[in-house]
Amino acid sequence: MTEKTIYELSQPGRQGVRFPEPDVPEQALPDAFLRTEINLPELSELDVIRHFTNLSKLNYSIDGGFYPLGSCTMKYNPKINEEVARLPGLAHTHPLQPSVTVQGNLYLMHTLQEFLQEISGFYRVSLSPAAGAQGELVGALIIKKYHQINKNDKRVKILIPDSAHGTNPATSSMSGFNVVPLPSDERGNVDIEALKTECDETLAGLMLTNPNTLGLFDENVEEVIRLVHEAGGLVYGDGANLNALLGIIRPGDVGFDIMHFNLHKTFSTPHGGGGPGSGPVGVAEHLAEYLPSPIVTIVEEGDDGTPPLFDFYEPKYSIGRMKSFYGHFGVHIRAYTYIAMHGTKGLRDIAEKAVLNANYLMAKVKQDYKLPYDRTCMHEFVVEGAWEDIPDVHALDISKRLMDYGFHPPTNYFPLIVHEALMIEPTETENRDTLDEFASALKSIAKEAREKPELLHGAPFTTPIRRCDEVKAARDLVLCCWIPE
Ligand SMILES: *Cc1c(COP(=O)(O)O)cnc(C)c1O
């Protein structure tokens with residue numbers, strides 16, 4: 001790395017802040033406050049500004065370039081979201097204020113609950129979970145409590161397709177369930193025969209991502225849900241891929257019992273090192289009383305001139321609280337703004353363009369890369385980042401080489417069921433020129449892999465940090481910054 005640390009830049013006597021002449025007599029500070037051993041760096045204001053501005057430019061971001069990180073929906077985050085979140089009336093409220101003094105905030109949260117209910121077809125939504133994975137944990141705990149209250153303690157098994165995100169088995173197992181993987185069939189759908197053999201009196205539920213992580217719409221979704229329901233189980237929908245469905249189908253109408261939303265994916269709030277997420281959970285009517293608290297509700301209807309009075313309530317069989325206060329309110333504001341700006345037609349347009357962009361890119365990329373499930377995709381697709389006749393080139397080499405072409409790499413090695421997976425999600429916010437440039441970079445890399453594989457093995461050549469030793473990074477963690485003697 002070429003950037004010097006702030007300690008290396010330090011020069012004795014340089015000063016960033018100058019205080020005005022004191023208008024009271026000077027006093028010596030007690031020794032306890034003057035710790036010389038911490039060795040603070042000495043720099044001018046300009047040194048500091050340049051240092052941090054240069055550091056910030058080392059990061060790749062969606063504002064800087066194309067970011068096709070599959071499963072993460074790295075769409076552009078409109079700046080109006082940020083402007084609204086910074087309005088003093090919203091940004092300067094305190095979570096301990098009495099609810100009568102923050103009725104505007106509660107109105108916003110209540111409306112967002114209603115937006116999400118309308119978009120998804122669920123009966124009620126709790127905004128409190130902090131991220132998608134926490135939403136899944138909520139779902140698993142609701143499934144557990146539902147069977148407990150219905151005195152069904154034999155139901156200890158959750159089914160999870162082998163294409164699922166790793167958080168699905170993790171949260172089910174954290175909730176005390178036995179996780180049973182389900183194979184996918186040759187079209188990338190849940191294998192119905194395998195599902196039938198697991199539908200017994202120990203079945204608590206199934207977690208399904210649709211479209212799944214192969215970017216494919218599960219063509220048997222209605223039958224999957226029917227089989228699980230007939231066996232007495234509940235169906236959890238991992239809603240991370242909702243971007244492909246907005247305004248077209250509603251998971252609640254299809255029969256899902258529970259689903260989380262990833263506000264930071266579908267509804268455009270910064271993520272991936274850019275800030276906290278938010279994973280609200282929606283449920284069908286029979287599970288409304290199990291949701292985590294607090295939920296915003298109208299306690300007194302308004303009439304012509306007076307607005308309704310909002311407050312929080314705790315559902316009767318609530319699994320409890322998942323998060324301090326009300327969840328990530330700053331993210332709620334951004335998602336609310338995004339949905340309000342788009343409206344019904346705009347939301348559908350997002351899904352249609354996301355699917356169109358992915359299919360356009362897929363048609364180009366499959367000329368050079370093997371597409372294991374060759375059918376119309378939804379908002380993303382997965383290719384193999386390897387060729388049988390070039391055994392020493394791997395998906396990781398392709399991704400590293402893409403950085404030299406100025407692109408953020410796709411998701412690597414997920415889903416696990418595709419050999420050397422490269423998972424590509426362009427999102428709706430990219431134009432055709434960008435998709436063409438990315439496809440042509442992948443085409444050049446496929447050619448380099450044959451003719452000059454050393455370019456792939458050595459890549460990246462142009463980034464501030466070259467190839468990391470990923471094994472060492474995981475085995476030999478350094479979690480604090482370096483401070484000199
Ligand atoms: C992102 C994602 C999750 C987890 O969501 P987080 O908000 O990152 O916790 C779960 N499932 C799928 C399919 C995802 O893409």
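Counting starts at 1 for both ligands and their atoms, in listed order.
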Indicate yes or no: does an N/O atom of Gly132 lie under 3.5 Å from an N/O atom of ligand 1?
yes
Which option out of Glu136, Glu380, Met423, Glu425 puts a heavy atom nearest to atom 10 (C) of ligand 1?
Glu136
When only distance counts, is Thr209 in polar contact with ligand 1, meaning an N/O pair under 3.5 Å?
no
As a quick check of understanding, evaluate salt bridge (Lys or Arg N to Asp or Glu O under 4.0 Å) for Glu83 and Lys79, giving each step before the final call.
CA-CA 6 Å; Glu83 256 178 69; Lys79 297 302 166 234; over 6 Å; no
Ligand 1 N/O within reach of Asn241 N/O, cut-off under 3.5 Å
no
Testing the 3.5 Å rule here: is there a donor-acceptor pair between the side chains of Thr434 and Asn431?
yes
Heavy atom of the protein closest to atom 11 (N) of ligand 1 (residue, atom name, distance)
Asp238 OD2, 2.6 Å
May I ask you to check whether Ala133 has an N/O atom sitting below 3.5 Å from an N/O atom of ligand 1?
yes
Here's a test for you: under side-chain hydrogen bond (donor to acceptor under 3.5 Å, both in side chains), which of Asn81, Thr73, Asn77 qualifies with Ser268?
Asn81
Proximal atoms of ligand 1 relative to Ala131 (non-hydrogen, under 4.0 Å)
7 (O), 9 (O)
Does the side chain of Arg467 come within less than 4.5 Å of Asp397's, by heavy atoms?
yes
Ring centroid separation for His286 and Tyr123, is it under 6.0 angstrom?
no
Should you measure from each heavy atom of Ala240, which atoms of ligand 1 turn up under 4.0 Å away?
2 (C), 11 (N), 12 (C), 13 (C), 14 (C), 15 (O)
Hey, are Glu380 and Lys265 close enough for a salt bridge, meaning a charged N less than 4.0 Å from a carboxylate O?
no
Counting from 1 in the order shown, the ligand 1 atoms closer than 4.0 Å to a non-hydrogen atom of Ser71 are 13 (C), 14 (C), 15 (O)
Identify, by atom number and element, the atoms of ligand 1 in contact range of Lys265, meaning under 4.0 Å from any of its heavy atoms.
1 (C), 2 (C), 3 (C), 5 (O), 14 (C), 15 (O)
Classify the side-chain pair Asn59/Ser61 by whether it contains a donor and acceptor separated by less than 3.5 Å.
no
Does a donor on one side chain and an acceptor on the other come within less than 3.5 Å for Tyr373 and Asn189?
no
For ligand 1, is His271 a contact, meaning one of its heavy atoms is under 4.0 Å away?
no
Please determine if Asn262 has a nitrogen or oxygen closer than 3.5 Å to a nitrogen or oxygen of ligand 1.
yes
Quick one about Glu136 and Asn168 (side-chain donor to acceptor, distance below 3.5 Å, no hydrogens or angles considered), yes or no?
yes
So, does Gln134 sit close enough to ligand 1 that a heavy atom of it is under 4.0 Å from the ligand?
no
